Student: 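I am attaching a structure below and will ask some questions about it afterwards.
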Amino acid sequence: MEFSAMRLAYTMTEGRGELDPLLHQIATQAAATGLRLAGIVQVNSDRPGCARCDMDAIVLPDGPVIRISQSLGREARGCRLDAEGLETAVAAAEARLAQGVDLLIVNKFGKQEAAGRGFRPVIAAALEAGADVLVGVNPMNLEALREFTGDTAEALPADPGALLHWITIGGD
């Protein structure tokens, strides 16, 4: 797929869990500027009974919050993505995208997206609709993102100022 006329950027961090609060902050600030948003960012809850691996994502711009991990209990040693939760989040983002947006933010281009599933079709649809796209990616999946986007994805530092500049000014 050719994305040459679209604005697509990614950011990543080395530390585990650092990208989620950053993208949530950026989404909140982008919405405050009046940009119409779609996508999801992870907002892990501190609800009673939540385990370390419980992952919640908020559908942008203002909800709902969807559990995207399997509930494995407080003593779980690993985290597992919940396929049904992910499908629900993708469908909610697609519905919001269909209403017309300026910016799609996806908290992670992960294994599902690398395999052509998850938010990958939503990213393609946003680009086809002319919306800007900002994606978080971890180093393990960077090559898959590059294969998907070709040379069109711009690397941005994991810095609130740089990300906001790209979103609001156009990255020039």
Side-chain angles (χ1 to χ4, degrees), residues 1-13 19-31 33-44 55-70 79-156 158 163-164 166-168 170-171:
M1 185 170 279
E2 182 64 39
F3 299 126
S4 60
M6 313 305 168
R7 283 188 5 106
L8 169 64
Y10 68 90
T11 189
M12 63 183 173
T13 60
L19 198 53
D20 298 318
L22 173 63
L23 289 177
H24 186 243
Q25 173 190 351
I26 295 303
T28 301
Q29 291 175 314
T33 69
L35 289 174
R36 299 170 301 156
L37 301 179
I40 67 162
V41 292
Q42 194 168 320
V43 288
N44 293 339
M55 296 180 289
D56 295 327
I58 187 167
V59 177
L60 300 174
D62 54 8
V65 173
I66 299 170
R67 173 67 42 94
I68 59 171
S69 62
Q70 294 178 11
C79 305
R80 289 197 193 116
L81 189 64
D82 177 57
E84 187 175 318
L86 179 63
E87 285 180 24
T88 300
V90 167
E94 286 174 330
R96 180 70 183 110
L97 182 62
Q99 297 172 9
V101 301
D102 303 306
L103 175 65
L104 173 74
I105 298 176
V106 176
N107 73 312
K108 185 167 102 176
F109 189 94
K111 291 178 185 177
Q112 294 295 313
E113 289 74 22
R117 299 182 302 271
F119 281 91
R120 188 166 168 162
V122 180
I123 293 167
L127 292 168
E128 289 170 6
D132 292 341
V133 176
L134 175 62
V135 178
V137 66
N138 65 32
M140 290 185 318
N141 295 308
L142 181 57
E143 187 58 35
L145 175 68
R146 288 180 175 153
E147 288 173 13
F148 171 54
T149 62
D151 295 334
T152 60
E154 180 180 350
L156 297 175
L163 296 174
L164 246 130
W166 183 85
I167 288 168
T168 59

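All of these numbers come straight from a predicted model, not from anything done at the bench. Computed from heavy atoms alone, side chains included, the values below leave out hydrogens, waters and symmetry copies.
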Student: Can you name the nearest heavy-atom pair linking Arg120 to Phe148, along with the distance?
Tutor: NE-CD1, 3.1 Å
Student: Nearest 0.5 Å, please: how far is CD in Glu154 from OG1 in Thr11?
Tutor: 10.5 Å
Student: Which atoms form the tightest heavy-atom contact between Gly85 and Ile66, and what is the distance?
Tutor: O-CG2, 3.6 Å
Student: Is it the case that more than 12 heavy atoms not belonging to Glu84 sit under 6.0 Å from its CD atom?
Tutor: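 No.
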Student: Which heavy atom in Arg7 sits nearest to a heavy atom in Leu127, and how many Å separate them?
Tutor: O-CD2, 3.9 Å
Student: Just jot down the side-chain contact (heavy atoms from CB on, under 4.5 Å) partners of Thr33, sequence neighbours excluded, or say none.
Tutor: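 side-chain contact (heavy atoms from CB on, under 4.5 Å) list for Thr33, sorted by chain: Leu35, Thr168.
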Student: If you define the side chain from C-beta out and look only at heavy atoms, does anything of Val43 sit under 4.5 Å from Asp20?
Tutor: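 No; the side chains remain at least 4.5 Å from each other.
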Student: Supply the atom-to-atom distance Ile68 CD1 to Lys108 NZ, rounded to the nearest 0.5 angstrom.
Tutor: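 The CD1 atom of Ile68 sits 7.5 Å away from the NZ atom of Lys108.
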Student: If I compare all heavy atoms of Leu156 with all of Ala9, which pair ends up nearest, and what's the gap?
Tutor: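 Scanning both residues, the minimum pair turns out to be CD1-CB, 3.4 Å.
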Student: With a 4.5 Å heavy-atom cut-off, do Ile58 and His24 have their side chains touching?
Tutor: yes
Student: Determine the minimum heavy-atom distance between Phe109 and Val137, stating which atoms define it.
Tutor: O-CG2, 3.7 Å
Student: Indicate yes or no: at least one non-hydrogen side-chain atom of Asp132 is less than 4.5 angstrom from one of Ile167.
Tutor: no
Student: Which value, rounded to the nearest 0.5 Å, describes the distance between Leu60 atom CG and Ile26 atom CD1?
Tutor: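 Interatomic distance, Leu60 CG to Ile26 CD1, rounded to 0.5 Å: 12.0 Å.
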Student: Tell me the closest heavy-atom pair linking Ala93 and Val122, and the distance in Å.
Tutor: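 Ala93 and Val122 have their closest heavy atoms at CB-CG1, 4.4 Å.
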Student: Nearest 0.5 Å please: distance from the CG atom of Leu8 over to the CG atom of Asp151.
Tutor: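 Going from CG on Leu8 over to CG on Asp151, the span is 11.5 Å.
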Student: CG/Asn141 to NZ/Lys111 distance, rounded to the nearest 0.5 angstrom?
Tutor: 8.0 Å
Student: Out of curiosity, Leu163 CG to Leu23 CG, how far, rounded to the nearest 0.5 Å?
Tutor: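 These two atoms lie 7.0 Å from each other.
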Student: Under 3.5 Å, side-chain donor or acceptor atoms of residues 96-107 against the rest of the protein: list the pairs with distances, not counting sequence neighbours.
Tutor:
from   : atom 1 : to    : atom 2 : distance (Å)
Arg96  : NE     : Leu37 : O      : 3.0
Arg96  : NH1    : Gln99 : OE1    : 2.9
Asp102 : OD1    : Arg36 : NH2    : 3.0
Asp102 : OD2    : Arg36 : N      : 2.8
Asp102 : OD2    : Arg36 : NE     : 3.3

Student: Tell me if a side-chain donor or acceptor on Glu113 pairs with a main-chain N or O of Phe119 at a distance below 3.5 Å.
Tutor: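 The answer is yes, because a donor-acceptor pair under 3.5 Å joins these two groups.
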Student: Yes or no on side chain to side chain contact (heavy atoms under 4.5 Å, CB included) for Arg146 and Tyr10, after CA distance, side-chain angles and deciding distance?
Tutor: CA-CA 10 Å; Arg146 288 180 175 153; Tyr10 68 90; 3.2 Å; yes
